[in-house]
Amino acid sequence: MQKPKGTYDMFGKDSETYLYFNKIVESLMDKYNYKYFKTPTFELSEVFHSGVGETTDIVSKETYDFVDRGGRNITLRPEGTAGLARCLIENKLYAESLPLKAWYLGSMFRYERPQAGRNREFTQFGVEAYGIDDPSIDAEVISILVNLFKMIGLTGIKVNINSVGDKESRENYRNALVEYFKPNINDLCEDCKVRFEKNPLRMLDCKIDGESEIMKNAPIITDYLTEESKKHFELVQKYLSDMNIDFDVNPRIVRGLDYYTNTVFEVEADIKGSQNVLGAGGRYNNLIQNLGGPSVPGVGFAVGVDRLFLALKEKEIDLREEKTLDIYAFATSENEKDYLISLVNTLRLNGFDVDMDYTSRNMKNNFSRADKLDAKFIIIIGEDEIKNEYVTIKDNKTKEGFKISLNEMIDFLDKKLEGYNEN
Ligand code: HAM
């Protein structure tokens, strides 16, 4: 049997990287005072249809939709923002918790054409900040992304920002786009024709015609911003500069989701082997209202974790915590196995990382197993040890041996390991 196309198994070094990355993210989020949220991996389809937008590629072509056994229309989440907004509304978190800063990490699902850095099930780490319309939080959110990459040692990062304006800016821009595309609409793909009628802004994001000359010469949103949107955008840029964060203004960024207002951004890495947009996001001041909640502004981003790991590999960055086993324990024969099991249990309850021999290997195999597991100490239990209430401990680095009475064992190991970690 094979895994479905566009999914992956994670094990070995990749799992170590993933777990360490989780730790880094958690400590990063503490620094900014964001709180962890977990929402379902599937939602009622309308959450994404009204949230992300019917005419987006994500909703019109890429969602995993199904009817469950109770006849409900369900969608595997293609992204985290709409589900979190639903959570904010359903739990009335807007009533007393605003401003609220949330983060999440988990699987997302999109039926895309798989390639390096583009999967059908992929992991996103994301943040969402609710209840603050001030541009300082847009800048903070961007700074989190930049600092995350800094923390993991990823260089060659470029931040591209743009503004897609408020409702009025976009209405003006929409009219300009309609005027511009009208004479050429028949030269464009079928998707573009539908989008021309329903949501001309989405045409700029077309995967077929997106790179064509017609698109490249299309009017740009920044020429249609209202004074208020312009001011907001200028302040975001100022705050980024205040934090010494380099960025480029790229008026072509429109993003593939409909909920954005004002600030949008994408962060790319200078990598060749896979998709290079590692994270992206923006402000969404109407999403929560569109989903049936009160008027609460939001801003956030999501990082493609799998994509980020590919970038780390390409740059030969080994993001793993050094982890070795404290103790490997074995018995000299099957007769001492029950004693061994109980001893190992005691050691683990006392805070040691312990593995043991389950299969009664011979002495030589046990020593090589201890080496393979990189165990710092080996504990050997034989008939004599049990009878005289002591354990044989071997320092696996110095090869020194000790006979330690049972009631001194924990203290002895604690002291030895303390010294070990200091060396
Ligand atoms: P997005 O641009 O669709 O935005 O996705 C964010 C990031 O997820 C991308 O930059 C990319 O790194 C990663 N990603 C997207 N699709 C895939 C895929 N098929 N395989 C691997 N990685 C992928 C959002 O999802 C918004 N919810 C971000 C946001 C949060 N905006 C405001 N708050």
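Please read these numbers as outputs of a predicted model, since none were measured by experiment. Atoms within a ligand are numbered from 1 in the order they appear, just like the ligands themselves.
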TODO: Return yes when atom NZ of Lys315 has more than 12 non-hydrogen atoms of other residues, nucleotides or ligands closer than 6.0 Å, and no otherwise.
DONE: yes
Open item on the list: Quick test: of every protein heavy atom, which one is nearest to atom 13 (C) of ligand 1, and how far off is it to 0.1 Å?
Closed with: Gly304 CA, 3.5 Å
- [ ] Just go through Glu62, Arg110, Met108, Glu112 and tell me whose heavy atom is the nearest to atom 3 (O) of ligand 1.
- [x] Arg110
Open item on the list: Checking a contact table here: which protein heavy atom is nearest atom 30 (C) of ligand 1, and how many Å away?
Closed with: Thr81 OG1, 3.0 Å
Open item on the list: According to salt bridge (charged side-chain N to carboxylate O under 4.0 Å, His left out), does anything in residues 185-199 pair up with another residue at least two apart or in another chain? List the pairs.
Closed with: Asp57-Arg195, Lys61-Asp191, Glu190-Lys193
Task: atom 22 (N) of ligand 1 - nearest protein heavy atom and its distance - done: Phe122 CD1, 3.5 Å
- [ ] Answer with side chain, backbone, both or neither: which part of Arg307 has a heavy atom less than 4.0 angstrom from an atom of ligand 1?
- [x] side chain
Open item on the list: For atom 20 (N) of ligand 1, what is the closest protein heavy atom, and at what distance to 0.1 Å?
Closed with: Asn119 N, 3.0 Å
Task: Atom CD of Glu54 with >12 non-hydrogen neighbours under 6.0 angstrom - done: yes
Task: Under 4.0 Å to a heavy atom of Gly117 - the qualifying atoms of ligand 1, by number - done: 20 (N), 21 (C), 22 (N)
TODO: Give a yes or no on whether the backbone of Ile253 and the side-chain of Asn162 come within a donor-acceptor separation of less than 3.5 Å.
DONE: yes
Task: Sub-4.0 Å atoms of ligand 1 with respect to non-hydrogen atoms of Arg255 - done: 1 (P), 2 (O), 4 (O)
TODO: Report yes if some heavy atom in the side chain of Asp357 is under 4.5 Å from a heavy atom in the side chain of Tyr328; otherwise report no.
DONE: yes
TODO: Number the atoms of ligand 1 from 1 as they appear, then name those within less than 4.0 Å of a heavy atom of Glu79, with their elements.
DONE: 25 (O), 26 (C), 27 (N)
Open item on the list: Could you tell me if Thr81 and Glu79 have a donor-acceptor pair between their side chains, going purely by distance under 3.5 Å?
Closed with: yes
- [ ] Return each pair, listed once, that meets salt bridge (charged side-chain N to carboxylate O under 4.0 Å, His left out) where at least one residue sits in residues 278-305; pairs must be two or more places apart or across chains.
- [x] Asp133-Arg283, Asp138-Arg283
- [ ] Mark up the atoms of ligand 1 that fall under 4.0 Å of a heavy atom belonging to Gln124, in ascending order.
- [x] 5 (O), 6 (C), 7 (C), 8 (O), 24 (C), 25 (O)
Open item on the list: Give me the nearest non-hydrogen protein atom to atom 32 (C) of ligand 1 as residue plus atom name, then the distance to 0.1 Å.
Closed with: Gly300 O, 3.2 Å
Open item on the list: Heavy atoms only, cut-off 4.0 Å: how does Tyr284 contact ligand 1, side chain, backbone, both, or neither?
Closed with: side chain
Open item on the list: So that I know where these two stand, are Phe352 and Phe377 an aromatic pair - ring centroids less than 6.0 Å apart?
Closed with: no
- [ ] Just jot down the ligand 1 atoms closer than 4.0 angstrom to any heavy atom of Leu257, in number order.
- [x] 3 (O), 4 (O)
Task: Residues, nucleotides or ligands: over 12 heavy atoms within 6.0 Å of Lys313 NZ - done: no
Task: Test item: Glu234 and Lys230 side chains (from C-beta on) under 4.5 Å apart, heavy atoms - done: yes
Task: Identity and distance of the protein heavy atom lying nearest atom 7 (C) of ligand 1 - done: Ala302 O, 3.5 Å
Task: For atom 26 (C) of ligand 1, the protein heavy atom that lies nearest, with its residue and separation - done: Tyr259 OH, 3.3 Å
Open item on the list: Looking at ligand 1, would Asp306 count as a contact under a 4.0 Å heavy-atom criterion?
Closed with: no
Task: Phe367, CZ atom: more than 12 neighbouring heavy atoms under 6.0 Å - done: yes
- [ ] Check for a donor-acceptor pair, side chain of Arg307 on one end and backbone N or O of Gly117 on the other, with a separation under 3.5 Å.
- [x] yes
- [ ] Check ligand 1 against Leu278 and write out every atom of the ligand that is under 4.0 Å from a heavy-atom position of the residue.
- [x] 10 (O), 12 (O)
Task: Atom indices of ligand 1 within 4.0 angstrom of Tyr260 heavy atoms, with elements - done: 26 (C), 28 (C), 29 (C), 31 (N), 32 (C)
TODO: Output yes when the distance from some N or O of ligand 1 to some N or O of Val277 is under 3.5 Å, and no in every other case.
DONE: yes
TODO: Decide whether the shortest distance between a heavy atom of Gly282 and an atom of ligand 1 is less than 4.0 Å.
DONE: yes
Task: Which of the ligand 1 atoms, numbered from 1, are nearer than 4.0 Å to a heavy atom of Glu128 - done: 30 (C), 32 (C), 33 (N)
- [ ] State, without any angle test, whether Thr261 and Asp166 hold a side-chain donor-acceptor pair at a distance under 3.5 Å.
- [x] no
